[in-house]
Undergrad: 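Dropping the structure in here first, questions after.
Quick caveat: nothing in here was measured; it's all calculated off a predicted structure. The figures here come from the full heavy-atom set of this structure, side chains too, leaving out hydrogens, waters and symmetry mates.
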Amino acid sequence: MSYIAKPKVSWAGQERNSLGLTLADYEGGLSTLCAGCGHDSITAALVRGFWELGLEPEQVIKLSGIGCSSKTPAYFLSGAHGFNSVHGRMPSVATGAQAARRDLIAVGISGDGDSLSIGFGQFAHAVRRNLNVLYIIENNGVYGLTKGQFSASADPGSKAKKGAANRNQAIDPVATAITLGGSFAARSFSGDKKQLVPLIKAGLMHPGCAVIDVVSPCVTFNDHEGSTKSYAWTRQHLHATVEADYVPPSTEIQVDYDDGAHTDVNLHDGSVLRLKKTDPDYDPSNRAGALDFLEAHRARAEVVTGLLYIDPDLPTFHDIAGTSKQPLTQHEFEDLSPGADALAELQKGLR
Amino acid sequence: MSYIAKPKVSWAGQERNSLGLTLADYEGGLSTLCAGCGHDSITAALVRGFWELGLEPEQVIKLSGIGCSSKTPAYFLSGAHGFNSVHGRMPSVATGAQAARRDLIAVGISGDGDSLSIGFGQFAHAVRRNLNVLYIIENNGVYGLTKGQFSASADPGSKAKKGAANRNQAIDPVATAITLGGSFAARSFSGDKKQLVPLIKAGLMHPGCAVIDVVSPCVTFNDHEGSTKSYAWTRQHLHATVEADYVPPSTEIQVDYDDGAHTDVNLHDGSVLRLKKTDPDYDPSNRAGALDFLEAHRARAEVVTGLLYIDPDLPTFHDIAGTSKQPLTQHEFEDLSPGADALAELQKGLR
Amino acid sequence: MTSGNTRTNDFVLKIATVNGTGSASANGLLMKALFRMGIPVTGKNMFPSNIQGLPTWYEIRASQEGYNARTGRVDVMVAMNAQTYSKDLAEVSHGGYLIYDSTWPRDEQLSRDGVSVLGIPLSKMVNEHFEGSRVRTLMKNIAYVGALCALMEIDREIVRTLLEETFAAKPKLVEPNFKAVTLGYDYAREHFDCPLPVCAGKMDATAGKILIEGNAAAALGCLYAGATVGAWYPITPSTSVMDAFQGFCDKYRKDPETGENRFCIVQAEDELAAAGMVVGAGWAGARAFTPTSGPGISLMSEFIGFAYYTEIPAVFFDIQRVGPSTGMPTRTQQCDVMLAAFASHGDTRHPVLFPSDPKECFELAVSAFDLAERLQTPVFVLSDLDIGMNDWMVDELQWDDAYRPDRGKVLTDADLAEIKHFHRFRDVDGDGIAYRTLPGSDRKGSYFVRGSGHNQYGGYTEDADEYRQVVDRLKLKWESARGLVPGALERKAPSRTDIGIIAFGSSHGATLEALDRLAADGVAVDYLRLRAFPFGDEVEAFLKAHRTVFVLEQNRDAQMRSLLKIELDADPQKLISILHYNGLPVTSEMIIERIGDYIRQEAVA
Amino acid sequence: MTSGNTRTNDFVLKIATVNGTGSASANGLLMKALFRMGIPVTGKNMFPSNIQGLPTWYEIRASQEGYNARTGRVDVMVAMNAQTYSKDLAEVSHGGYLIYDSTWPRDEQLSRDGVSVLGIPLSKMVNEHFEGSRVRTLMKNIAYVGALCALMEIDREIVRTLLEETFAAKPKLVEPNFKAVTLGYDYAREHFDCPLPVCAGKMDATAGKILIEGNAAAALGCLYAGATVGAWYPITPSTSVMDAFQGFCDKYRKDPETGENRFCIVQAEDELAAAGMVVGAGWAGARAFTPTSGPGISLMSEFIGFAYYTEIPAVFFDIQRVGPSTGMPTRTQQCDVMLAAFASHGDTRHPVLFPSDPKECFELAVSAFDLAERLQTPVFVLSDLDIGMNDWMVDELQWDDAYRPDRGKVLTDADLAEIKHFHRFRDVDGDGIAYRTLPGSDRKGSYFVRGSGHNQYGGYTEDADEYRQVVDRLKLKWESARGLVPGALERKAPSRTDIGIIAFGSSHGATLEALDRLAADGVAVDYLRLRAFPFGDEVEAFLKAHRTVFVLEQNRDAQMRSLLKIELDADPQKLISILHYNGLPVTSEMIIERIGDYIRQEAVA
Ligand SMILES: Cc1ncc(C[n+]2csc(CCOP(=O)(O)OP(=O)(O)O)c2C)c(N)n1
Ligand SMILES: Cc1ncc(C[n+]2csc(CCOP(=O)(O)OP(=O)(O)O)c2C)c(N)n1
Ligand code: SF4
Ligand code: SF4
Ligand SMILES: [Mg+2]
Ligand SMILES: [Mg+2]
C-alpha cells in the first residue's frame with residue numbers, strides 16, 4: 001500500500017545475483033509502516049532471500065490478507081504480481097492461484113490476527129492440504145492496524161499497553177501446524193535476519209506448505225514491558241533449535257551425516273535443505289517429539305525458533321489433486337473442451 | 001428436526017432419578033436419522049447422562065449447527081430450549097447464550113464437517129476462551145447430510161464408499177483442543193455407552209469447555225471396509241485410557257490417591273471427577289504427554305479414547321469476562337441504566 | 001371402476017414413497033420408458049432434507065403438447081407410504097386412480113368419492129419370489145412399475161431394454177428385475193380393466209430430445225467453456241453440479257498418457273474459501289467457478305464485492321432453494337435475485353444470468369465465463385432446485401467447434417513490449433473495461449490487486465478524485481454490460497395486446513402453457529422472458545409497449561419486480577406481481593387464475 | 001497582507017499534519033476553545049488507513065449560524081506536512097491564509113495569488129525551548145495552537161484551562177505546554193497584524209450543547225438501553241463504539257462490592273462469530289449488539305437472515321465507510337443502505353434506523369433495542385464514519401428515568417401457566433408478532449429454534465402451506481414495523497412549494513444549510529428527513545405532495561432512491577438523485593448547486 005513509489009537507484013559495484021540482478025531489483029514500494037516495525041525487517045529478509053535464490057520476480061506471486069503485516073507484499077518484489085485480499089482469506093486465494101499456475105512460486109504473508117482469528121480455518125486447511133506456498137505469519141500478538149487489541153497469539157499473562165493482562169489461551173501457529181499434519185513448521189524472529197533469511201529460502205523451495213511464524217514486534221502497540229512479544233522479551237527468551245538453508249540442485253553437496261551439527265534433507269528435485277542444529281538434541285523429523293518439545297518450552301515461556309518440523313515427503317496439494325505439470329492455464333483449448341462429436345456421443349446416454 | 005412428536009409413554013415401575021423424573025422425561029422427538037446411525041446412540045447416552053445427573057430439563061440449553069449430527073438436540077430433552085443454528089456456528093451462539101445466562105448448562109452438538117471445516121475457527125476459539133459448554137463432536141469422517149463427502153477428520157488412506165482414498169491430513173479434534181489450550185479433551189465411541197455416559201456427565205459438570213470427540217459411524221456413507229470410521233475399524237483399533245465419572249458434592253468421597261487405578265480431580269463446587277485408568281501409564285493432567293501419546297498412537301492408527309486431558313483450574317470464559325454470578329438477564333434495569341443524573345454529570349466532561 | 005376422462009399421453013403420475021428405499025430408479029425407469037415411447041415427459045422429485053426414512057414424492061407429467069410445468073393435477077397416485085397415505089389420497093384429482101400395496105388390510109380412510117382405489121399386494125407377491133429384505137424393498141418398487149405398464153400401457157419391452165442397459169455391467173440382475181415387473185404386470189392385467197382411461201400411447205415427439213438435469217448440463221457447460229478450476233463446499237441442491245463436473249473431467253480431461261488432470265477441483269473448507277479459490281484462480285488466468293446455494297452466496301458476499309472492485313472474473317452458480325436461512329433445502333424458489341444482483345456492501349452490482357431449463361444451463365454457463373472475462377467481474381448463473389435436480393426434456397445440446405473463449409482484454413508479454421506503461425485500471429477504450437495482465441507476465445505488467453482504494457494506475461489511494469474516477473468507470477462498465485449479456489426473448493401473443501408478462505428461469509414452462517390456454521380463451525398476453533440482468537433496451541421497450549405487465553416470480557417479495565424498478569425506473573403502476581413461493585414449482589393453473597382474476601377485476605372496475 | 005473578507009465566527013480552519021505526531025490533541029484544544037467561547041463548531045478528521053507517518057487533516061468549522069456541514073472552503077490552513085504542502089496550498093480559498101513552519105527555507109511553490117502565506121519558525125522556537133524529539137514534536141503542535149490564538153483571537157485563557165483539565169493528573173505538564181502556546185502566540189503577535197480578518201469572537205451559542213462523537217453516543221445509548229452483551233471484531237470506523245461501551249461499563253456497571261461485571265463484552269474471532277454471539281444472547285433474553293462496518297455486514301449476512309427467520313432480536317451498528325470491499329476505511333459514505341435493508345439470501349428485510357448526528361445515535365440506539373425486541377428481529381443502526389468518529393456539537397443528551405425497556409411479547413412462567421399450549425410462531429394478536437419464551441423458562445414453554453422450514457407451532461416442516469403461513473406472517477409483521485419505527489421528520493419551506501428533498505443521516509447538516517441558502521435566494525424546498533426503513537405513511541404523503549423530490553445520498557448507486565421505489569412504488573420520474581460519494585462528507589455548496597442546476601434546466605426546458 002505504498003503511497004510513494006520507491007526510486008530505484010542503481011550504482012556501480014552493486015552485488016549481483018545469478019541472474020545479474022541487484023537487491024534493488026527485489027524491492028517494492030516504500031513502507032508506510034511505523035518506524036521500527038518488525039514487519040519491515042521481514043520485508044528486508046524476503047528481499048534478501050529472493051535475491052540470493054536468484055528467482056525471476058515474475059516467477060513469484062505474493063499474496064496477503066489485511067493488516068499492517070498484510071501490507072508487506074507491497075514492499076518487496078515490485079516486478080511480481082501481488083494480491084492483497086480480504087481479511088483472513090489469503091490462503092484460499094493462494095489455493096486458487098496455485099491451482100491455476102502451479103509453476104509460480106507463491107508467498108503468502110499474514111498476521112496473527114489475519115491467520116489465527118478470522119482466518120484460522122483457512123490457515124488450518126491450507127496446512128492440511130499441504131498447499132504449495134511459503135506461509136509467513138508476522139506475529140506481534142496484537143492487531144496493529146486496528147490499534148492494538150490482543151490477538152489470539154497473545155500469551156496468557158501478557159500485558160496490554162494500558163495494563164490489562166490477556167487471560168485467554170494463546171494459539172501457537174507452529175504447534176498448530178504440526179498438529180494439523182503440516183509438512184514444514186518453523187519459527188523465527190524479525191530481529192534475527194541471520195536465521196530468517198535462510199529459513200525463508202528453505203521455505204520457498206520446500207515442496208508443500210512451509211509455515212514460518214515470525215515474531216515481529218509492534219513498536220506502537222506491543223513493545224512495552226509486560227508484553228511477551230516485545231523486542232526485549234523475545235531476545236531474552238529465544239531458544240534456537242535448528243537452522244535451515246537451501247542448497248540448489250546444481251551445487252556439489254558434501255554429505256555430513258556424521259558431523260552431528262549437519263543433516264541434509266533431500267528434496268525431490270535434487271536440491272537439499274541443510275539443517276544445522278543449535279540444540280543438538282532436537283530432531284525436526286519427529287512429529288511427536290516436536291510437539292512435546294514445543295509444549296515443554298511453552299511452559300517455560302521460551303520462544304523456540306528454527307525449523308521445528310519437516311517432512312518433505314508428504315503429498316502436496318498438487319500431488320493430491322493430480323494437477324498436470326503443465327499449468328492449467330497453459331493447455332490448448334482443444335485439450336480442455338471435448339468438442340461437438342463427443343457431446344453428441346455423450347447425449348446418446350440421455351435418451 | 002422431528003416430524004413426529006414422540007409419544008411419552010409412562011408406565012409404572014419405571015426408574016426415577018433424584019428429581020423423580022423418568023428417562024422418558026429426558027427424551028426428545030423421534031429421530032429421523034438412518035437406522036443404525038451412530039448419532040442416535042449418542043442421543044441415548046445424553047438422555048441417560050442428564051437423567052443420572054438429575055438436572056431439570058429447563059436448566060439446560062442445547063445447541064447445534066447443521067448436519068445429521070446437528071439434528072441430535074431435537075431428539076433429547078424436549079423440555080429444554082433448543083437451538084439449531086447455521087452450519088459451523090454453534091460455538092458463537094453458545095457463547096452469546098452463556099454470556100446472557102451463565103446459570104444454564106449449555107450442551108453443544110456438532111459434526112466433524114460442522115466443527116472441523118466451516119466451523120473450525122469457532123471451535124478453536126470456544127476452546128481457547130474455555131467457554132462453559134459441553135462440546136460434543138459426532139465424528140463420522142464424512143458429511144452425512146450432503147451424502148458422504150470426506151470431512152477434515154477423514155484419515156489419510158481412509159477409503160470412500162466408491163473407493164477413492166483420502167490423502168489430505170486429518171484434523172484430530174482432541175489433539176487440536178489440547179494444542180489450543182483446552183481444559184477438557186476426551187474421545188469416545190458411540191458404540192461404547194459404558195464409557196460415554198459417565199464422560200458426558202463429567203463434561204457437563206466440568207467448569208469450562210469440555211470437548212468430547214465421539215466416533216460415530218455413518219452407516220449409510222462411511223461404514224464400509226477401508227473406512228477408518230466404521231463400527232468394525234473403530235472396535236478393532238480402540239485404545240481406552242482413562243474413564244471419568246462425576247461424583248456430586250454431596251456424595252461422600254473416598255479418596256483413593258494411592259489406589260493407582262483411581263484419581264480424583266476436585267472441582268471448585270466441591271464435586272469430584274473420578275478418573276479410572278485403563279491404561280495405567282497415562283496421565284491426563286500432562287499436556288505435553290497427552291500430545292505425545294496421541295501422536296504416537298495416531299502413527300499406529302489407534303483410536304485413543306477416554307478423558308485425555310483435563311485442567312479444571314484454567315480460567316473459564318466467565319472468569320475471564322468477569323461476568324456477575326447473577327445471570328445478566330436477571331439484573332434490575334436500574335442496575336444497568338445509570339439514569340438521568342449520571343448522564344448530566346457525564347456530559348459535563350463534554351464541553 | 002370410476003371412469004374419468006380419457007387422457008392418453010396427458011396425465012400426471014405421482015409416486016409416494018419413503019426415501020432411502022431405492023424408489024428413485026423405479027421412477028427413472030417409468031420416465032425413460034415414456035420418453036422412449038415418444039411421449040414428452042418431465043419428472044419432479046419432492047424429497048426430504050434427510051437421508052433415509054422420510055416421505056418423498058416423484059411426479060411424472062406426460063404431455064403430448066410438450067408442456068413441462070407442474071400442474072395441480074394428479075391422475076394416478078402410487079401410494080407406497082402409509083405415513084402420507086391420507087394426504088396422498090386427498091391429492092388425487094376427481095376421476096383419478098390410487099394404487100396401493102394391499103398386502104396388509106387397510107381401513108376405510110382408503111377411499112374417497114371420485115377416486116378409484118386399486119389394491120395390489122406388492123409386498124406379498126415380492127416376498128413370495130425374492131429373498132433378503134433389501135432386495136425385497138427394491139423389487140417392490142420394480143413391481144409397481146410392472147403394474148403401471150399394464151394399467152397405463154407403458155411398453156414393457158422398453159422397460160426390459162432399460163433394465164438391460166442399467167445392468168449392462170451386471171447382466172444377471174436383469175431377469176429378477178424383469179420378473180418383478182412381470183409380477184406387477186400380470187396381477188394388474190388379471191384384476192383390473194387394462195388399460196385405464198389414463199394411459200400412454202406411442203407417439204413421435206421426443207426425437208432430437210434428451211432427458212437431463214440442469215446441474216449436469218451446467219457442469220457440461222463448464223467443461224465445454226474450458227473451466228479448469230472448480231472450488232466448492234457441498235450444499236443441496238448444488239452438489240450435483242460439481243459431482244457431474246468431476247465425472248465429466250474424469251472422462252474427458254485426464255491426460256491419456258500420464259493420467260494427469262487438466263482440471264483441479266477443490267472441496268473447500270467452506271463457501272468463503274471456495275469463493276477465494278475461484279477469485280485466486282480467475283486472477284491467475286484460469287476459468288474458475290463455484291456452485292452453491294443461497295447460504296453460500298451470503299457467506300461469499302465479502303469476496304464477491306472484492307472481485308467486483310478488483311475486477312476479477314469469477315463464475316458463481318446459485319442453485320436456489322427455499323429461503324430465508326437454511327429454509328427448505330429440498331424445495332425450490334427464485335429467492336436470491338436481489339442478493340445476486342447486489343451482493344456485498346458498498347456500491348456493487350453483478351451480471352446475473354437466468355437459465356430457464358437444463359439446455360440453457362449449458363449455454364448460459366458458457367456465456368457466464370465469456371462475460372466474466374470480458375467484463376472482468378463476477379457473474380452469476382441463477383438456476384434453482386427445480387431446474388437443477390429434476391429431469392427435463394430438452395432439445396439436444398449443440399456445440400460449435402469454432403467456439404473459442406472470449407478472454408477479454410488480457411495483455412500478453414508481446415503486447416506489453418509495445419506499450420510504454422501498463423496501467424491496470426485505466427479506461428483506454430472508453431467502454432469502462434480496462435486491460436489486465438496475468439501473474440507470470442513480464443514484470444512490466446506486474447500490478448497489485450487490492451480491495452482498498454486504488455487509482456486508475458493501480459496505486460493505493462485515499463484521494464477523493466482518484467477513488468471516484470475508478471468507481472465511475474465501473475459504472476460505465478456496467479453500461480457496457482447491458483449490451484453484452486444475453487437479451488430477453490419476446491414471444492408475441494397471437495393477436496395484438498397491451499398486456500404483457502415478464503417471467504424468467506424455471507417459470508418459463510408454466511408461463512408458456514398458461515399463455516397458450518389463455519390465448520385459447522381469447523386472452524392475448526405478450527411474453528418477455530428475461531435471460532439476464534442488467535436489462536437490455538428490449539426490456540425497456542417491452543415495458544413501454546404494454547399498459548399492464550405481469551411479473552411472475554417464485555419468491556415472496558417480488559424481487560425481480562424490484563430490479564425492474566431499480567434499474568429501469570419502470571412505472572410501478574403497470575407492474576403487477578404474480579408471486580408463488582411455497583417451495584413447489586409454479587403451476588400453469590395458478591398463472592391463468594391470477595391473470596384471469598386481474599383482467600376480470602379490471603373489467604369490473 | 002492580502003485582506004480577505006472579514007469572517008468573524010464563520011470560517012474553516014484546516015490543519016495538515018502527519019499521523020502519529022500527536023496533532024490530534026492540539027486540534028482538540030482548538031475545537032474546545034472555540035466551543036467554550038460560545039461559538040458553534042464541528043471538527044472533521046481526515047486520517048489515513050495506517051498508524052504512523054502518512055498525511056492527515058483536521059478541519060474545524062466555526063459557524064455562528066450553527067451550521068455543521070463540511071464546506072468547500074478553507075479560510076486558514078496550517079500546513080505542517082511538507083509532503084502535501086502544494087495540495088494544501090491549492091485548497092485555500094481566495095483571500096485565505098496559510099501558516100507553515102518556516103524553520104527551514106522553502107522554495108517559491110510556497111506562494112499563490114490571493115493566499116497570504118505566514119511563516120512561523122515553529123520547530124526552531126520549540127527546539128530552543130524543549131528537549132527530546134517526542135516532546136519537541138508534540139510541542140510544535142501546541143505552538144501552532146498558540147499562534148492561532150493570536151492570529152484568530154482564540155482565548156488563550158480558555159486554552160490554559162483546557163490544558164489544566166487535560167493534565168489534571170499530571171499538573172507538571174501544564175506549564176511547558178502553555179509555554180509552547182505562548183511561543184507561538186508571541187511570535188504571531190510580533191510578526192503579523194493580529195487578528196486576521198478571519199477570526200473568533202466570544203458569543204453565546206453553545207449553552208446546553210456538548211461536543212461528542214457518534215460512536216461514543218451510540219455506546220451511551222447501549223448502556224442506557226440496558227444492553228448487557230456486546231460482541232465485536234475490530235474494524236474501522238466502528239471500533240470506538242465498543243471502546244466507549246467498555247469505558248462506560250467499567251464506570252457504571254461494575255458491582256461496587258464484588259467488582260463483578262454487569263455486562264459481558266466479547267472480542268470475537270471474526271464478524272460471523274460476533275453476529276452469532278449477539279443472536280445467541282438475544283435468544284437467551286439479553287439485549288445484545290455488535291458494532292461493525294460494511295465488510296462485517298457482508299460476513300454477518302448468513303446470521304442476519306437466520307435471525308430474521310427465527311425471529312431473534314439483535315442490534316447491528318453499521319458505521320459505514322467507503323466501499324466497495326475494503327474500500328477507504330477512513331473515509332465516509334452511506335453505501336450500505338440496500339445491504340442493511342435486505343441482508344442475506346431468500347426473502348428477508350430488516351428495519352434500519354438512520355441517525356443524523358451523535359444525539360440521534362444515542363436516541364436511536366435505545367429505539368433499536370426496543371424495536372428489536374418488540375419486533376423480534378435484527379435491527380440496524382446505520383451511522384457512518386463522519387458521524388461516528390468526528391466531534392459534533394449537539395444538544396445535551398436527555399434521559400427519562402421513567403423509561404423501561406420494551407421487551408415485547410415475552411411469556412413468563414406465570415403466563416405459561418395460564419395457557420394450554422405454547423406455540424412459538426403463531427399469530428395470536430393479528431399483528432404478525434408471535435409470543436416467545438426465554439431459555440430457562442418452564443418446560444411447557446420450551447421450543448426449538450431452527451433456520452430451516454418450520455410451522456407456526458415451532459415444528460420442523462417441509463410442507464408448502466405450513467411454510468407459507470409463517471413467511472406470510474413475517475410479511476404482516478413488516479407491516480406492523482412500519483407503524484413502530486421512528487417517523488420521518490418534515491421541515492416545511494418558508495413558502496409553499498411543490499419541490500421537496502429527501503435526505504438522511506450525516507447529510508442532514510448540509511441539507512439544512514443548503515435549504516436556508518436556497519430559501520434566501522428565493523428557492524423554496526420542503527425537506528423530509530428519513531429516520532427509518534420501512535417508511536411510514538408520512539413518506540408516501542410527502543412524495544404525493546411534491547412534483548419533484550430530490551433524493552440526496554452519499555453513495556454512487558442511489559440506494560435510498562431504490563428503496564423508495566421498491567418499498568413505496570414511488571413514481572421514479574419525480575425522484576431526482578443528488579449523489580455524493582468521494583469519501584468526504586457532503587457539502588452544502590454541492591447540494592445548492594445541484595438543486596439550482598436542476599431548477600434552471602427545468603426552467604429552460
Ligand atoms: C472483515 C474485516 N474485519 C475487520 C477488519 C479490520 N482489520 C484490519 S487489520 C485487522 C487486524 C490485523 O491484525 P494482524 O493480522 O495481526 O496484523 P497486524 O496489523 O498486527 O500486523 C483488522 C481486524 C477488516 N479489514 N476486515
Ligand atoms: C452454509 C452452509 N453450507 C453448506 C451446507 C450444507 N451442509 C449441510 S450439513 C453439511 C455437512 C455436515 O457434516 P457433519 O457436520 O460432519 O455432519 P454429519 O451429517 O456427518 O453428521 C453441509 C455441508 C449448509 N447447510 N450451510
Ligand atoms: S502499528 Fe505496529 S504492526 Fe502496525 S506498522 Fe506500526 S509497529 Fe508495525
Ligand atoms: S447419513 Fe450417515 S450420519 Fe446421516 S443419519 Fe444416515 S447414518 Fe447418520
Ligand atoms: Mg498482529
Ligand atoms: Mg460428519
Undergrad: Sort C:Gln573 into side chain, backbone, both or neither according to what part of it lies under 4.5 angstrom from a heavy atom of chain D.
TA: side chain

Undergrad: Salt-bridge test for C:Arg556 and D:Asp472: reply yes if a basic N is under 4.0 Å from a carboxylate O, no otherwise.
TA: no

Undergrad: Can you tell which part of C:Ala570 gets under 4.5 Å to a heavy atom of chain D, answering side chain, backbone, both or neither?
TA: backbone

Undergrad: So for C:Phe306, is it side chain, backbone, both, or neither that comes closer than 4.5 Å to the heavy atoms of chain D?
TA: both

Undergrad: Would you please say whether a donor-acceptor pair under 3.5 Å links the side chains of C:Asn81 and C:Asp88?
TA: no

Undergrad: With a cut-off of 6.0 Å (strictly less than), are more than 12 heavy atoms of other residues, nucleotides or ligands near NZ of D:Lys544?
TA: no

Undergrad: Where on C:Leu272 is there a heavy atom nearer than 4.5 Å to chain D: the side chain, the backbone, both, or neither?
TA: side chain

Undergrad: Can you say whether the rings of D:Phe533 and D:Phe342 are parallel (under 30°), tilted (30 to 60°) or perpendicular (over 60°)?
TA: perpendicular

Undergrad: At a heavy-atom separation under 4.5 Å, does C:Glu302 approach chain D through its side chain, its backbone, both, or neither?
TA: both

Undergrad: For C:Thr330, is it the side chain, the backbone, both, or neither that has a heavy atom closer than 4.5 Å to a heavy atom of chain D?
TA: side chain

Undergrad: Counting only non-hydrogen atoms closer than 4.5 Å, does C:Tyr308 touch chain D with its backbone (N, CA, C, O), its side chain (CB onward), both, or neither?
TA: side chain

Undergrad: Please determine, among C:Gly323, C:Ala343, C:Cys335, the option with the most heavy-atom pairs under 4.5 Å with chain D.
TA: C:Cys335

Undergrad: Considering only heavy atoms and a distance below 4.5 Å, find which of C:Leu564, C:Leu575, C:Asp465, C:Asn555 pairs most often with chain D.
TA: C:Asn555

Undergrad: If you measure only the distance, is there a donor-acceptor pair under 3.5 Å linking the side chains of C:Asn455 and C:Asp463?
TA: no

Undergrad: Salt bridge check, D:Glu311 against D:Arg473: does any charged N sit closer than 4.0 Å to a carboxylate O?
TA: yes

